[in-house]
Structure formats: C-alpha cells, structure tokens
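In what follows, a single structure is set out as structure tokens and then discussed.
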Amino acid sequence: MNTSIRKIRENILTKTLGIGVFLGFIAYIPSVLAAYFANMWLVVVVDTLALLIVCVVVFLPAIPFPVKLSVFVGSSLLVGVAVIAAAGPLGAGYIWLLVAVVFSALFGRTRAIALTVAATVFIMLAWGIGVATGKLDHGVTPLIVIVISVSLFAACGLMAFVISRLISGILDAYEESQRLADRLAAELDSSNSMR
C-alpha cells in the first residue's frame, strides 16, 4: 500500500478513536451506572478496562497503526461479549460486534476482516449454546438467538463487503491518478528538455 495512503488511514483511525474515546466517556457513565445498579459486574469491569485500554492506545503516538486497530477491535468484541453475557438481547452487545467488523473492514486487511467476522460467529454460537444449555438465561430461546445471529451475520457481511469494495475502489482510483500524474510529469520534463 502507498505510504501516503497508509498515513492518511492512520490519521483517520487515530482521530476517529479520539472522538470515540470522548463519546465513549459519554456512553460509559450511564452504561456503568445501569450495570452497577443491576449487579452486572462483568459489564462494569469490561467497560472500564476497554475504555482505559483504548485511551492508552489512542493517546500514545508510538503505538503502531495495526496495534491500535487490533486493540480497538478486540475491545469492541470483549464489550460485546460482556454485554451479551450479562444482558442478552436487551443489551447492545451485538452492536459492539458490528462495530468491530466495520472498523476491521474500514482499516484492516482482508485477513483482519475474516478474523473479526469469525470471532463474531464464534461469540454468537457460544451465546446460542449458553442459552440452549441453560447457562445463560435472559428469557430468550435458542430460536431468538438464531434470528438475532442471522440478522447480525447479514449486516456484518453486507457492511464488510460494501466497505472493502469502497476502499478498494478508492485505492485503485488514487493509484490511477498517481500514474497519470507521473506520466504527465514525465511528458512535461520531456517537452522542457527538447527546448
């Protein structure tokens, strides 16, 4: 990948995560208070750790781009797991799983997207098994978990496909414009040297 494109993507990710930290604090307070009063200690702990880890990663400039992306995607997946385990379909756990897929599609390579989607499939499968075996009881049936999972997989697949195609198209257009600029510069140099 072109160095200037890589830098642009790194800057966008860093700024997005900076905004995400600010918005995360806004969402963190009511989320943790609600989890505290509902005795959902797993959500309190995971939300707090995820926000602290993302803060550290975002505001330390020496941390490389792939690490920042991996930490954010991993934190989103962990928050998703904690919320699903604690609140089931009444929480926003699967939204955090979708966030992880979208960020991996926007800033990662194909392998990162595939790993994030695979992690999401595993998490939803584990939730379904937990409900079916009675280990996770939020008043839902395995059928409800299947319906939510299928919808999530469809949304993840669609988002990952569209985003990766858009990024690929933008990169192709950028590289074509660079080739055109190089050809024009060479022609201009050639015509100047003939004078």
(request) Establish whether V101 and L125 are linked, either directly or via other cluster members, by ILVMFWY side-chain heavy-atom contacts under 4.5 Å. (result) no
(request) Could you list the residues that satisfy salt bridge (Lys or Arg N to Asp or Glu O under 4.0 Å) with R179, not counting sequence neighbours? (result) E176
Identify every side-chain donor-acceptor pair in residues 154-168 under 3.5 Å, counting partners at least two apart or on other chains, and give the distances.
from: S164; atom 1: OG; to: A160; atom 2: O; distance (Å): 2.9
from: S164; atom 1: OG; to: F161; atom 2: O; distance (Å): 3.1

(message) To the nearest 0.5 Å, what is the distance between CG on L42 and CD1 on I84?
(response) 11.5 Å
Pairs under 3.5 angstrom only: tabulate donor-acceptor contacts from the side chains of residues 130-147 to other protein residues two or more places apart or in another chain.
from: T133; atom 1: OG1; to: I129; atom 2: O; distance (Å): 2.8
from: T133; atom 1: OG1; to: G130; atom 2: O; distance (Å): 3.4
from: D137; atom 1: OD1; to: G139; atom 2: N; distance (Å): 3.2
from: H138; atom 1: NE2; to: A85; atom 2: O; distance (Å): 3.0
from: H138; atom 1: NE2; to: A86; atom 2: O; distance (Å): 3.4
from: T141; atom 1: OG1; to: L143; atom 2: N; distance (Å): 3.4
from: T141; atom 1: OG1; to: I144; atom 2: N; distance (Å): 3.3

(request) Can you measure from CH2 (W127) to CG (L152) and round to the nearest 0.5 angstrom? (result) 9.5 Å
(request) Applying ring pair (Phe, Tyr, Trp, His ring centres under 6.0 Å), name anything that partners Y94, two or more places apart in sequence or on another chain. (result) none
(request) Output the rest of the hydrophobic cluster of V45: all Ile, Leu, Val, Met, Phe, Trp and Tyr residues reachable through side-chain heavy-atom contacts under 4.5 Å, sorted by chain and number. (result) L49
(message) Checking one residue: L184. Which other hydrophobic residues are in its cluster under the side-chain 4.5 Å linking rule?
(response) L180
(message) My understanding is that only residues two or more places apart in sequence, or in another chain, count here; which of them pass side-chain contact (heavy atoms from CB on, under 4.5 Å) with I8?
(response) I12
For residues 52-81, which side-chain donor-acceptor pairs fall under 3.5 Å, sequence neighbours excluded?
from: K68; atom 1: NZ; to: T14; atom 2: OG1; distance (Å): 3.3
from: S70; atom 1: OG; to: P66; atom 2: O; distance (Å): 2.8
from: S75; atom 1: OG; to: V71; atom 2: O; distance (Å): 2.8
from: S76; atom 1: OG; to: F72; atom 2: O; distance (Å): 3.1

(message) For A92 versus V83, what's the shortest heavy-atom pair and its separation?
(response) N-CG1, 3.5 Å
(message) Could you see if Y174 belongs to whatever hydrophobic cluster contains L13? Use Ile, Leu, Val, Met, Phe, Trp, Tyr and a side-chain cutoff under 4.5 Å.
(response) yes
Please tabulate, one pair per line, all N/O donor-acceptor pairs under 3.5 Å involving side-chain atoms of residues 22-34, not counting sequence neighbours.
from: Y28; atom 1: OH; to: T48; atom 2: OG1; distance (Å): 2.7
from: S31; atom 1: OG; to: D47; atom 2: OD2; distance (Å): 2.8

(message) Could you report the tightest heavy-atom contact between A82 and V43, atom names first, then the distance?
(response) O-CG2, 3.7 Å
Quick one: side chains of residues 114-124, donor-acceptor pairs under 3.5 Å with protein atoms, not counting sequence neighbours, listed by atom name and distance.
from: T116; atom 1: OG1; to: S104; atom 2: OG; distance (Å): 3.4
from: T116; atom 1: OG1; to: A112; atom 2: O; distance (Å): 2.8
from: T120; atom 1: OG1; to: T116; atom 2: O; distance (Å): 2.9

